[in-house]
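Notes follow the structure.
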Amino acid sequence: MDLKDHIRGIPDFPKPGILFYDISTLLAHPAAWQTAVERLAAAVAPYRPDVLAGIESRGFLVAAPLALKLGCGFVMVRKQGKLPGETVGHSYELEYGSDRVEIQADAVAPGRRVVLLDDLIATGGTLRASIELVRKVGGTVAAAACLIELTFLNGRAGLDIPLESLIRYEE
Ligand code: AMP
């Protein structure tokens, strides 16, 4: 099955000039979604994760079923102010301005092996910040995995861990 057949490119969303890769059509197609989760499971299992960390919000959709399948825990990396209790944050620069990701302080026991999940890697800024965040709470980041990689933005080059991706767009 070619998973690209189940991904929609929507031009000029959320702003002019951006081609948005919409995974709604993949999620809505049970056989395609099952295939995607199975392929991700095969790619991620060799890293022997204890915990999968999903990045808000589409990363949750990817990480939660995968965690069930692999028999690991699932934790959330969220935007600022969304998580209750004691949190740890990491701020990072965007093209214009800055952003902040947070995790619950006790989400990852020290030394646990974590694989980070998101729907898509573009510049890699979100993943880089999430890697630093998991390290701040003591986790060992074994790898990251995404459904989609925009290879022309070379986000992979800025990561110091292996990256797995199922679907690549070269331009
Ligand atoms: P980046 O930090 O540049 O790697 O951007 C990755 C984050 O932004 C991911 O959480 C994606 O969901 C979202 N994102 C960036 N570019 C796109 C795109 N062209 N289509 C869909 N989502 C995108």
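A quick note: this is a predicted structure, and the numbers were derived from the prediction, not measured. All values below come from the heavy atoms of this structure, side chains included, with hydrogens, waters and symmetry mates left out.
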Practice problem: Look at the side chain of Gln80 and the backbone N and O of Asp99, then say whether any donor-acceptor pair between them is shorter than 3.5 Å. | Solution: no
Quiz item: Among the clusters formed by ILVMFWY side chains lying less than 4.5 Å apart, do Ile7 and Phe152 turn up in the same one?
Solution: yes
Quiz item: Who pairs with Ser91 by side chain to side chain donor-acceptor pair (under 3.5 Å), at least two apart in sequence or on another chain?
Solution: Arg100
Quiz prompt | Worked verdict on Ile23 versus Ile148 for side chain to side chain contact (heavy atoms under 4.5 Å, CB included) | solution = CA-CA 9 Å; Ile23 61 164; Ile148 304 168; 3.9 Å; yes
Self-check item: Short side-chain to backbone donor-acceptor contact, Asp12 and Gly17, under 3.5 Å
Solution: yes
Practice problem: Output yes when a side-chain donor or acceptor of Glu86 lies under 3.5 Å from a complementary backbone atom of Asp106, and no otherwise. | Solution: no
Quiz item: What pair of heavy atoms forms the shortest contact from Ala122 to Leu150, and how long is it?
Solution: CB-CD1, 4.1 Å
Exercise. Could you tell me which non-hydrogen atom of Tyr92 sits nearest to which non-hydrogen atom of Ala129, and how far apart they are?
Key: CD2-CB, 3.3 Å
Self-check item: Atom pair CD1/OG of Ile103 and Ser130 - distance to nearest 0.5 Å
Solution: 8.5 Å
Practice problem: Enter the distance from Leu70:CG to Asp50:CG here, rounded to the nearest 0.5 Å. | Solution: 11.5 Å
Self-check item: Spacing of Tyr47 atom OH and Glu164 atom CD [to the nearest 0.5 Å]
Solution: 3.5 Å
Quiz item: Is the shortest heavy-atom distance from the side chain of Leu127 to the side chain of Leu163 under 4.5 Å?
Solution: yes
Quiz prompt | Donor-acceptor under 3.5 Å (Thr123 side chain, Gly155 main chain) | solution = no
Quiz prompt | Test applied, side chain to side chain contact (heavy atoms under 4.5 Å, CB included); reference residue, Ile55; option that passes from Asp118, Leu117, Val62 | solution = Asp118
Quiz item: Between the side chain of Arg39 and the main-chain N/O of Leu166, is any donor-acceptor distance below 3.5 Å?
Solution: no
Quiz item: Nearest 0.5 Å, what's the CE-CD distance between Met1 and Glu38?
Solution: 9.5 Å
Quiz item: How far apart are the closest heavy atoms of Pro49 and Val115, and which atoms are they?
Solution: CB-CG2, 3.7 Å
Quiz item: Which heavy atom of Gly54 sits nearest a heavy atom of Ala63, and at what distance?
Solution: CA-CB, 3.7 Å
Quiz item: So, the side chain of Arg113 versus the backbone of Arg48: is there a donor-acceptor pair under 3.5 Å, distance only?
Solution: yes
Self-check item: Shared hydrophobic cluster for Val137 and Met76 (ILVMFWY, side-chain gaps under 4.5 Å)
Solution: no
Self-check item: Closest non-hydrogen atom pair between Gly9 and Pro11, with its separation
Solution: O-CD, 3.6 Å
Quiz item: Taking atom NZ of Lys82 as the centre, does the number of heavy atoms from other residues, nucleotides or ligands within less than 6.0 Å exceed 12?
Solution: no
Self-check item: Minimal non-hydrogen separation, Ala53 against Val77, with atom names
Solution: CB-CG2, 4.3 Å
Exercise. Taking the side chain as every heavy atom from C-beta outward, state whether Val44 and Leu52 have any pair of such atoms under 4.5 Å apart.
Key: yes
Exercise. Please confirm whether the backbone N or O of Gly89 pairs with a side-chain atom of Lys136, one donor and one acceptor, at under 3.5 Å?
Key: yes
Quiz prompt | Intermediate values then yes/no, side chain to side chain contact (heavy atoms under 4.5 Å, CB included), Asp119 and Leu61 | solution = CA-CA 8 Å; Asp119 65 328; Leu61 304 175; over 6 Å; no
Practice problem: First locate atom CZ of Arg8, then atom CG of Asp22, and finally report the distance between them rounded to the nearest 0.5 Å. | Solution: 4.5 Å
Practice problem: Answer yes if Leu40 and Ile161 sit in the same cluster of Ile, Leu, Val, Met, Phe, Trp and Tyr residues linked by side chain heavy atoms under 4.5 Å apart, and no otherwise. | Solution: no
Practice problem: Please report the C-alpha distance between Phe60 and Arg78 in whole Å, then the side-chain angles of each, then the deciding distance to 0.1 Å, and finally whether the side chain to side chain contact (heavy atoms under 4.5 Å, CB included) criterion is met. | Solution: CA-CA 10 Å; Phe60 298 167; Arg78 297 207 66 177; 3.8 Å; yes
Quiz item: Hey, quick one: are Val108 and Leu83 part of the same hydrophobic cluster, counting side-chain heavy atoms closer than 4.5 Å, chains of contacts allowed?
Solution: no
Quiz item: So, do Glu132 and Arg128 sit near enough that their side-chain heavy atoms are less than 4.5 Å apart?
Solution: no
Quiz item: How far does CG of Leu26 sit from CG of Leu3, to the nearest 0.5 angstrom?
Solution: 6.0 Å
Exercise. State plainly whether one hydrophobic cluster holds both Val134 and Ile121, where clusters connect Ile, Leu, Val, Met, Phe, Trp and Tyr through side-chain heavy atoms under 4.5 angstrom apart.
Key: yes
Quiz prompt | Lys NZ or Arg CZ of Lys4 over Tyr169 ring: under 6.0 Å, within 45° | solution = yes
